[in-house]
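Working notes, structure below.
Side chains are part of it too, since the values below use all heavy atoms of this structure and drop only hydrogens, waters and symmetry mates.
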Amino acid sequence: MMSRPGAPSPPHRLPIPRRPAATGHRITHGGTIQKRGSFSNFPIKTPPASRQSTNTGSSSNQQLNHAPLPLPSPPASAELGLEAAMQPDANAPSHRLARVAAHLRPQMEEGAVAFALRPAVCRAKGGAPGFKVAILGAAGGIGQPLSLLMKMNPLVSVLHLYDVVNTPGVTADISHMDTSAVVRGFLGAQQLDAALTGMDLVIIPAGVPRKPGMTRDDLFNINAGIVRTLCEGVSRCCPNAIVNLISNPVNSTVPIAAEVFKKAGTYDPKRLLGVTTLDVARANTFVAEVLGVDPRDVSVPVVGGHAGVTILPLLSQVTPPSSFTQDEIKYLTDRIQNGGTEVVEAKAGSGSATLSMAFAAAKFGDACLRAMRGDAGIVECSYVASEVTELPFFASKVRLGRGGAEEILPLGPLNDSERAGLEAAKKELSESIQKGIAFVNK
């Protein structure tokens, strides 16, 4: 609300100073120091002992140019004295530029100018209360759209993007979105720990994509090593974070991550979640096409694993309750199990299911964040440590809570075809799980 012309300012507001003509400081007869130039212009009352010093301008400017900046602090009051009044203005253009640069390149080389770009002086404004999320593999085919979607999530306050290549460009691009999450990029193995420190949720899509003719087992030797390295970083820097693991083959990489955490003494089975949400999304979509309804109104439990015959849609438990012919069951089951191959072949060598996987990962990540916030009744399918079957890991419905997978729900009644599919899924899953465990323990 604007005051009437000529009306005095309310007593609780500071007077607005005139723009100074030059840098430096001036002491008035009333014992008030008025700072000019790059420092605050608010008049500050000083104690008598401080009024003898008048040489403040040059030394402070020299400190600004050659020494690390203190953290931004509230405006100095009359009791803080000359020392508090001498703090640099965090809103000065040079400091604002430093903050932006620090988001894009948080680890800079030492030098006369590099101090301004250290993360210690980066205190971004506008970040909403929320959770700190790291995406490992953020510059990849899944990582880029996933970073976009997580930047849009209002529950994310800080978003760390890590990869071994191209992170600065992705970070700069994503950071221009006018949503509340503060984005910082990290490049290369030397910055992995910085990317992970203090994170609440870690999403891992890192790894090589599947190409035509490749099975998920063909990806194992490369992606297994990547997952092991990244999970070792999680153990060091954020052992209490919830981990959403996307890297294929999930049937083997989740057991790999579990073994890494066990060796580090940080394993909590509730906090390690294999992301199988894409199988559920495909099942909901394909069933909705057959039923002629909106996919958002359909819910299909998908259990087992995340590859081929280990993907078992429970069509007898579809919501809304529906019945299917044997031909429809065969068509839907085959298409859900081979949805990834369908995309790989359609892209003809140019990639795999990156966009739909990013959507599914963002959907599952949002469910985890809402559960961490304390929302009740959040149930998603996920590949987790489980006692639902005799296997140590199995995908089924889980109830998410503040600590991750708080409850593993039973499979429920299965029909004859689903029981046969379960036996086939368990046989292949057992081999994949043992392969992952052996990789870490060899």
Side-chain angles (χ1 to χ4, degrees), residues 207 209-220 223-224 245-256 273-287 290 300-318 324-346 352-353 356-357 360 380-398 408 410-439:
R210 191 154 65 105
K211 298 178 181 179
M214 290 180 66
T215 66
R216 285 181 171 84
D217 283 341
D218 294 331
L219 305 177
F220 179 83
N223 289 355
L245 190 52
I246 301 170
S247 306
N248 273 321
V250 169
N251 293 350
S252 297
T253 55
V254 169
I256 288 172
L273 308 173
V275 180
T276 61
T277 312
L278 180 54
D279 301 325
V280 177
R282 285 171 173 152
N284 294 342
T285 300
F286 303 156
V287 167
V290 170
V300 183
V302 181
V303 303
H306 185 57
V309 298
T310 69
I311 301 171
L312 180 60
L314 301 183
L315 298 176
S316 65
Q317 300 180 25
V318 169
F324 303 94
T325 67
Q326 288 300 314
D327 288 342
E328 288 173 336
I329 291 174
K330 184 178 186 308
Y331 163 78
L332 288 170
T333 301
D334 289 346
R335 193 175 180 200
I336 293 166
Q337 290 179 341
N338 296 293
T341 302
E342 178 181 323
V343 175
V344 169
E345 292 176 351
S352 58
S356 54
M357 184 66 247
E380 297 285 341
C381 291
S382 179
Y383 183 66
V384 294
S386 171
E387 296 180 354
V388 168
T389 68
E390 64 273 21
L391 299 175
F393 297 92
F394 195 81
S396 58
K397 284 184 176 181
V398 301
I408 313 297
L411 295 180
L414 307 180
N415 59 31
D416 291 341
S417 64
E418 290 167 349
R419 283 193 290 270
L422 176 61
E423 293 305 314
K426 288 194 297 185
K427 182 177 184 299
E428 185 164 324
L429 267 176
S430 177
E431 297 174 358
S432 298
I433 293 169
Q434 291 305 316
K435 187 175 183 179
I437 295 173
F439 175 80

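The two residues Cys381 and Pro301 make their nearest non-hydrogen contact at SG-CA, 4.2 Å. Contact between Gly304 and Leu429 at its shortest, heavy atoms only, is O-CD1, 3.4 Å. Nearest heavy-atom pair, Gly274 versus Ser382, reported as atom, atom and distance to 0.1 Å: O-OG, 2.8 Å. Minimum interatomic distance between Leu314 and Leu411 (heavy atoms only, all atoms of both residues): CD1-O, 3.9 Å. In this structure, Ser430 and Leu391 approach most closely via the heavy-atom pair CB-CD2, 3.8 Å.
Applying the side-chain hydrogen bond (donor to acceptor under 3.5 Å, both in side chains) criterion to Ser316, with sequence neighbours excluded, gives Glu418. Shown here are the side-chain contact (heavy atoms from CB on, under 4.5 Å) partners of Thr333, two or more places apart in sequence or in another chain: Pro313, Leu315, Ile329, Gln337. With sequence neighbours excluded, no residue forms a side-chain hydrogen bond (donor to acceptor under 3.5 Å, both in side chains) with Asn338. In this view, Ala353 and Leu278, Arg282, Val343, Ser356 satisfy the side-chain contact (heavy atoms from CB on, under 4.5 Å) rule, not counting sequence neighbours. Take Phe439 and apply the ring-ring contact (aromatic ring centres under 6.0 Å, His included) test, not counting sequence neighbours, and it matches Phe220.
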- Query: Stepwise, does the side chain to side chain contact (heavy atoms under 4.5 Å, CB included) test hold for Leu422 with Phe394?
  - Reply: CA-CA 11 Å; Leu422 176 61; Phe394 195 81; 3.5 Å; yes
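The distance from the CG atom of Asp334 to the CD1 atom of Ile311 is 11.5 Å, given to the nearest 0.5 Å. Distance CZ/Phe324 to OH/Tyr331: 12.0 Å, rounded to 0.5 Å. Interatomic distance, OG of Ser432 versus CD1 of Ile437, reported as 11.0 Å (0.5 Å rounding). To the nearest 0.5 Å, the span separating CD1 on Ile246 from CG on Asn223 amounts to 12.0 Å. Here the CG atom belonging to Leu414 is positioned 7.5 Å from the CG atom belonging to Leu312, to the nearest 0.5 angstrom. For the atom pair Lys435 NZ and Glu431 CD, the distance stands at 9.5 Å (nearest 0.5 Å).
Each of Thr276, Asp279, Asn251 was scored for a side-chain hydrogen bond (donor to acceptor under 3.5 Å, both in side chains) with His306, with one residue passing: Asp279.
Annotation: side-chain hydrogen bond (donor to acceptor under 3.5 Å, both in side chains) contacts involving residues 386-397, sequence neighbours excluded, comprise Glu390-Lys426.
Counted by atom type alone, Asp327 and Thr325 present zero donor-acceptor pairs between their side chains at under 3.5 Å.
Side-chain contact between Pro255 and Tyr383 is present, with at least one heavy-atom pair separated by less than 4.5 Å.
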